[in-house]
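Computed over heavy atoms, backbone and side chain alike; hydrogens, waters and symmetry mates excluded. Just follow the structure's listing: the first ligand is 1, and inside any ligand the first atom is 1.
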Amino acid sequence: MLKVDRVTKKFGGVVAIKDVSFEVKPLEIFALVGPNGAGKTTLFNIITGVIKPTSGKVYFKGEDITGLSPVKIVRKGIARTFQNIRLFNSMSVLENVLIGFEKSYEYNYFEAMFRFPRFFKQERIHKEKAFEILRYLGIEKYADYNAKSLSYGNQRKVEIARALATEPDLLLLDEPAAGMNPKETDELADTVFRLREEKEKTILFIEHDMKFVQKIADRVLVLDYGEVIFEGKPADMMKNERVIKAYLGDIDVEG
Ligand SMILES: Nc1ncnc2c1ncn2[C@@H]1O[C@H](COP(=O)(O)OP(=O)(O)OP(=O)(O)O)[C@@H](O)[C@H]1O
Ligand SMILES: [Mg+2]
């Protein structure tokens, strides 16, 4: 599904990503972990076209997508959420999700301006679809609420809803459990499983919560200072000496 091939990213003198390679298989739930500043978000930014790698390639479904614009990459079927929630605060929850449909708008600008019948048809279909996604994530009752007024955990769900509106095959989640309480984290784990079983999504996620990683990830890639120090099963990660060293005193491995 996704192949990252010998990717390096330098910011001036800082090597944020160093010769990183890995593959995510279809329907896999794949975790990207590592201490703060390890390069996880940078890797997401490279995959989604926000920044270009200094060297190396990214392939999606066998196609080279390196350096394509973020919009083109969304159209190919990759969507993401952000570590720092990026919702439009002045808009309702529903409107925030509707933005996700922008990429698939079939009518053109002039049609929209003159509000041809097709425009209304599209808008209605998108609203129905947006509601369906909100229902799926259990937040449809907040549809008309201002996005900013929701709890942190629910705002993260709205971000997921907006990403789902673009109908991705691969969903990238940057610290989805951050700021969630234990109940919300459990629900999130369920949601991720359901997205795979019921919606056939492949999921690549970044997370510091090791309990969450152990619970849902099929495989894990550990980065430290931009380098891969471990790739394998979550249970083996905790026994790996390099991983323990990288995390020593940094996090509670018990979760
Ligand atoms: N646009 C940028 N310009 C310069 N340096 C950057 C830029 N983006 C990231 N970096 C640097 O690259 C390194 C990796 O940062 P990144 O945000 O990818 O880490 P991370 O693993 O996501 O960390 P965290 O767990 O804290 O989110 C850091 O040293 C960071 O300061
Ligand atoms: Mg990050």
Any side-chain heavy atom of F230 within less than 4.5 Å of one from D236? yes
At a 4.0 Å threshold, what atoms of ligand 1 neighbour a non-hydrogen atom of T42? 9 (C), 14 (C), 15 (O), 16 (P), 18 (O)
What is the nearest protein non-hydrogen atom to atom 13 (C) of ligand 1, stated with its residue, atom name and distance? G37 O, 3.7 Å
Could you say whether the N/O atoms of G39 and ligand 1 ever approach to under 3.5 Å? yes
Just which atoms of ligand 1 are under 4.0 Å from any heavy atom in N36? 23 (O), 24 (P), 25 (O), 26 (O)
E241 atom CD: more than 12 heavy-atom contacts under 6.0 Å: no
Can you label the angle between the F30 ring and the F22 ring as parallel, tilted or perpendicular, going by 30° and 60°? parallel
For ligand 1, find out whether one of its N or O atoms is nearer than 3.5 Å to an N or O atom of F11. no
Check each atom of ligand 1 against the heavy atoms of H208 and keep those under 4.0 Å away; list them by number with element. 25 (O)
4.5 Å side-chain heavy-atom contact, T48 and P70: no
Does ligand 1 have an atom under 4.0 Å from some heavy atom of E175? yes
For atom OH of Y225, decide whether the heavy atoms of other residues, nucleotides or ligands shown that lie under 6.0 angstrom number more than 12. no
Heavy-atom protein contact below 4.0 Å for atom 31 (O) of ligand 1: no
Quick check on G34 - does any of its heavy atoms sit under 4.0 Å from an atom of ligand 1? no
Can you confirm whether more than 12 heavy atoms, excluding those of F212, are under 6.0 Å from its CZ atom? yes
In the protein, which heavy atom is nearest to atom 17 (O) of ligand 1, and how far is it? T41 CB, 3.8 Å
Using a 4.0 Å cutoff against the non-hydrogen atoms of A16, which atoms of ligand 1 qualify? 12 (O), 13 (C)
Is there at least one pair of N or O atoms, one from V14 and one from ligand 1, spaced under 3.5 Å apart? no
Which residue holds the protein heavy atom closest to atom 25 (O) of ligand 1, what is that atom called, and what is the gap in Å? K40 NZ, 2.8 Å
Atom 27 (O) of ligand 1: which protein heavy atom is closest, and how many Å away? Q83 NE2, 2.8 Å
Got more than 12 heavy atoms from elsewhere within 6.0 Å of NZ, K18? no
Is atom CD of E198 surrounded by more than 12 heavy atoms (other residues, nucleotides or ligands) closer than 6.0 Å? yes
Is the shortest side-chain N to carboxylate O distance from R242 to E227 below 4.0 Å? no
Quick check for you: with the Mg ion (ligand 2) as the vertex, what angle do OE1 of Q83 and OG1 of T41 span, to 10°? 80°
Between R156 and E159 (salt bridge meaning N to carboxylate O under 4.0 Å), is one present in this structure? no
